[in-house]
Structures are given as C-alpha cells and as structure tokens.
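What follows is one structure encoded as structure tokens, with my remarks underneath.
In what follows, residues are counted from 1 in the order of the sequence shown.
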Amino acid sequence: MENQTTLTKPEDITIKITPDGMKGFMTINNHKLEEQPLTLNTIMYKLWDKGVRFGIKGEVIKTMLEKKIYNRSILIAEGTPPQEGKDAIIEYKFKNGGKANLAEDFEGKVDFRELGLIKVVHAGDVLATKTPPTKGIPGKKITGEEIPAKNGQNANIPLGENTRLSSDGLTLLALLDGYIFWEDSRIGVKTTYEVPGDVDMNVGNIYFVGPVKVKGDVKEGFTINAKGDIEIGGGVENATLISEGNIMIAHGIVGRKTRVIAIGDVKCKFIQNANIEAKGNVIVHDAILHSNVEAGKSVFVLGGKKGAIIGGKIIAKNEVNAKNIGNMSETPTQIEVGVEPGVRQEILALEESLTLERKQLHEERLRYKTLMARNETSLAEQSLANQRELQQVIRMMSSSLHQHKKHVVSSNNEGKVSIVDTLWPGVKLTIGNSIFLPKIDYRYVTFVNKIGSIEQQRYENPKIKSDELLLPKVTYWEREIDKVKDGME
C-alpha cells in the first residue's frame, strides 16, 4: 500500500510516497486555485515539509503548473537504486579441455594425426588475466536515506607450477617454456611432455618446446618434433622423430619411411631399414641392418650377441666401431669415415651442377657465333652477358668444390673403422678420400688412413664410456674383446 499524505489544504495538492521510499507522486487539485494560485516555491516547501529531500524533478513540477495539469498523479521525485559491485573475472588465454583441434589444409583435407592437443606456451606468455571486483555504489531514497550496496566478490588466479603473477597480481605468466596443465584447480606449466602409452590416433603428432617422454611405441605415420630430448619406452616404426637434443629408444627403429634426426646422440637397441641422422653419436646395442645412418661424431654397435652392421650405408666423422661389419653372404655394406656427413653428397652435387653449367656455357657460345653470323647484334650482346654470368657461377662453384675436396684430403688421418670380431668381404671402407675393399675377412682390427692409403692395426677400444653406450657395467663387447685377445695369444 502507498502512503498518502494530504496537505493542510487538501483542495490544493496531494502527495504520495511509495513504501520503499523510492518514488513520489503529486496531484494538483483544481479546487479554488483561481482564488489562491500555487507557486513552484510553495510546492517545493510543502514537499520538503513532507520529508521529500532527494530526486525532486523541478522541471516536471514547473511544467505541471505552467500547463495546468490537474487531477493527474505525476512522478515528481525519484530515488537512486543501489548498484551492486561486479564480481572479479578470471579470463583464460587458452582453450581447455583436451579437445582435438582439427584443421583443413588448402585442399580442404583433414590430417587426423594433427590433433593439436598440446597447449604450448613460452616463458613470459600470458596464461590468464584478472579483472578486479568493483565496489557497490549506494543508492538513496527520496527521503534522503542511503541504501547500502553489495560489493563484488573477489577471486584468485589459480597460480600453479612454473607460473608467476605480475606485480599488480592481475596477470598470470609462464615462467618456462612448456605446456599448460591443470592440477588441483591450478594452472601450471610442465616442461616435459609425457605420453603414458603409445603415440597413436588418440595422441596425434607431437610438437613440443622441451623434452618428450613416451612410455609406449610411436606408431606408423606419426611425428614427434621436440626442442629437448626424446625418450621412447617402446619402439619406432615408419615414424618421424626430430630432436634438438638426444633421442633414446628402448627398443628398435624400423621402417623405410622412418626418419630419426637429432642434434645430439641417437641411442637404441637396433635399427632396421631406417634413416638416421645425428650431429652427435649413434649408439646401437644389437645391430644396424640395411639402413642409412649419418653421425657427426661416431657410430657404435657393440652390444648384444650380434653387434653387427649389415647392408646399407654408415657415415661418421670420427669412428665406426662394431663387433661385426658385413656377413658371410657378402651383403654390400658401405662404411665412410673421416668426413662430416653430407660433404661427399655436396661434392657430388657440385660436380653434377658444374657439368650442367659448363654444358650451358658451351651452348651459349655456339649461339653467340650463330647470332654474330646473322648480324643480330642486340641478341649477340645479350648472349655475351649470359656467358659472363655463367662463367661467374662456374668460378664460384669450382672454388666451393675445391674447398670441399681439400677438406676431405685434410681429414684423411682423422677417421677410423674398428672391428672387434669380423670384417667380411662385400664391405666398402672409405676413410677420407681412400677406399678399401677387403677380399678376405679381418678380425680384431682397426683401419686408418695413413698418407693417402688405408692401413690396418691392432683393434682400438672406442673412445666413449661404457655407460654412454647404454650397456651393462661389464659389457658384452668387452668380454668379446677378451676372448679374441686370448685366441690371438
């Protein structure tokens, strides 16, 4: 019910105030107004006398008087309602939930191995921001009484592992490179990405800014590309592994479509029909079979019962050291040491390119003679310009080829090939720029290049610690060496 307060002279005006004190209504009665006209000041005084202190609409009252609006209840005073404060807002700068983020290529095809499940972040990246709560703004009734307002509720950013807050406490930042994870309702950054099982369609391809650990296998067709070490608890088949650190595989590397590339070392149990590139060492426990292996340092195959390199091509800068190289069937096997992997390929590529450029220069010279015979001077001048350009290219390529070959010659005394048990015929040894094709089997021997020819000497132990070879403390190859020594003595 509304309160109705009538003035001393009820025939003049009537004032009503709502129960909540937020609105006031006024009615001007037209009885006897001609005898005693109302004024704005009179009405304001009477409103004040009845407790109306705030929100008075003076212009409305003035209009009512000027236009003689009688016998109508008009809103002439209105309070201000309170404004509740806004709660704090936490905004996350990443998508959560581990859902696949499939994308189409330019042909509209979707690669279902590219799931995009890893939320990679870098040090300094913003993970979440906070908008602070605001205070409530009190309201006021038309009687002047203040109405309290509720303040917004606060909320804390869920600070987790390897994260920090900005100085104002409103921004969550990553401390390290890694991926985002939730733990106990907190946001953290893990620096190692771990896969509890296989890398398959449930996991997708992995592209990560740190180390990757996989407890199972890497299935066919999948890729792991990591800036840190890669550790595989199982095996790898027809997959791609790329690491800016080391790659360690508990079982084997198999498949002609397999590519394993590491800036550091590659360590595994065996390699079969695969392609391996390492800036460091390639350390294999059992065998390398029919594979292409390149090492910026050395290749070691010294564990297990075989410790063999059979078939394929092995290239190492420093050393190849194995129990056996080749087999009784004389399977073609190439071993190259003394030169960085890729140098020989660059030499071959340069030689092929030089042949093509020289052929093109010869054809351009013939063309020039023909043009001159026809008095086509303008085209002949262009032909001369082409010849000069080709000659410059040939000079640059010849210089590069010379430097590469000079480097090979200077590396003659750097590489060696060591065999604990047997080197079989069918193997082609290249040390520096010298080649050796054994016609008989050799045992317990090291081959080196001395003054441009390959010579043999007593077997030399590998210049690497046993624990680096991932072998037991008393290693198989050490026992085999002792057996060979006993036999020779």
*I187 and I180: which non-hydrogen atoms are nearest, and at how many Å?*
CG2-CG2, 3.9 Å

*Distance-only, no hydrogens or angles: does the D229 side chain make a donor-acceptor pair with backbone N or O of N246 under 3.5 Å?*
yes

*Checking N238 side chain against K257 main chain: does a donor-acceptor pair fall under 3.5 Å?*
yes

*Give a yes or no on whether the backbone of M396 and the side-chain of S400 come within a donor-acceptor separation of less than 3.5 Å.*
no

*Residue pair S166 / D168, side-chain donor-acceptor N/O under 3.5 Å*: yes

*Do you know the tightest heavy-atom contact between G197 and V214?*
O-CG1, 3.3 Å

*asked:* I need the I15 CD1 to S73 OG distance, nearest 0.5 Å.
replied: 11.0 Å

*Spell out, as yes or no, whether a donor-acceptor pair under 3.5 Å connects the side chain of N151 to the backbone of G136.*
yes

*I253 CD1 to I247 CD1 distance, which is reported to the nearest 0.5 Å*: 7.5 Å

*With the side chain counted from C-beta on, respond yes when R259 and T223 share a heavy-atom pair under 4.5 Å apart, and no when they do not.*
no

*asked:* For Q153 versus D87, what's the shortest heavy-atom pair and its separation?
replied: N-OD1, 2.7 Å

*Locate the shortest heavy-atom distance separating V209 from V120; write the atom from each residue and the value.*
CG1-CG1, 3.4 Å

*Out of curiosity, I90 CD1 to L170 CG, how far, rounded to the nearest 0.5 Å?*
9.0 Å

*How about K140 and E146: do any of their side-chain heavy atoms sit closer than 4.5 Å?*
no

*Report yes if the side chains of M22 and K141 come closer than 4.5 Å at any heavy-atom pair, otherwise no.*
yes

*Answer yes or no: is there a side-chain heavy-atom contact under 4.5 Å between I76 and L47?*
yes

_What verdict does the side chain to side chain contact (heavy atoms under 4.5 Å, CB included) test give for T192 and K213, after you've listed the backbone C-alpha separation in whole Å, the side-chain angles of each residue and the deciding distance to 0.1 Å?_
CA-CA 7 Å; T192 299; K213 292 185 179 181; 4.0 Å; yes

*Give a yes or no on whether the backbone of Y207 and the side-chain of N225 come within a donor-acceptor separation of less than 3.5 Å.*
no

*Examine distances only and state if a side-chain atom of S291 and a backbone atom of N275 form a donor-acceptor pair shorter than 3.5 Å.*
no

*Indicate the ring-plane relationship of Y179 and Y193, choosing parallel, tilted or perpendicular according to the 30° and 60° boundaries.*
perpendicular

_Quick check: closest heavy atoms across N29 and N71, and the distance to 0.1 Å?_
CA-OD1, 3.8 Å

*Quick one: does W48's side chain get under 4.5 Å of I56's, heavy atoms only?*
no

*What's the spacing between L302 CG and I283 CD1 if we round to 0.5 Å?*
9.5 Å

_Can you confirm whether K297 is buried at NZ, in the sense that more than 12 heavy atoms of other residues, nucleotides or ligands lie under 6.0 Å from that atom?_
no

*Could you tell me the separation between the CD1 atom of I137 and the CD atom of E84, rounded to the nearest 0.5 Å?*
11.5 Å

*Using 4.0 Å as the upper bound for N to carboxylate O, is an ion pair formed by E364 and R367?*
yes

*Output yes when a side-chain donor or acceptor of T63 lies under 3.5 Å from a complementary backbone atom of E59, and no otherwise.*
yes

*Is the closest basic N to carboxylate O distance between E244 and K227 below 4.0 Å?*
yes

_Can you confirm whether R388 sits close enough to Q392 that some side-chain heavy atom of one is under 4.5 Å from a side-chain heavy atom of the other?_
no

*Check each of V121, T191, D177 against N162 using the side chain to side chain contact (heavy atoms under 4.5 Å, CB included) test, and report the only one that passes.*
T191

_What I'd like to find out is whether the side chain of L241 reaches to under 4.5 Å of the side chain of I249, using heavy atoms alone._
yes

*Does K86 offer a backbone N or O that forms a donor-acceptor pair with the side chain of T134 under 3.5 Å?*
yes

_Less than 3.5 Å apart, any donor N or O on the side chain of D20 or T18 sitting next to an acceptor on the other?_
yes

_Within the supplied structure, the quantity of interest is the number of heavy atoms (other residues, nucleotides, ligands) at a distance under 6.0 Å from D184 CG; does it exceed 12?_
no

*asked:* Using side-chain heavy atoms (C-beta onward) and a distance below 4.5 Å, is T143 in contact with R53?
replied: no

*Within the distance-only criterion (no hydrogens, no angle test), does the side chain of D217 pair as donor or acceptor with the backbone N or O of K219 below 3.5 angstrom?*
no

*Work out which heavy atom in A278 is nearest to a heavy atom in G264; give both atom names and the distance.*
CB-O, 3.6 Å

*asked:* Can a donor-acceptor pair be found, under 3.5 Å and without considering hydrogens, that links the side chain of T163 to the backbone of L159?
replied: no

_Sole residue of K267, H285, E319 in side chain to side chain contact (heavy atoms under 4.5 Å, CB included) with F300_ = E319

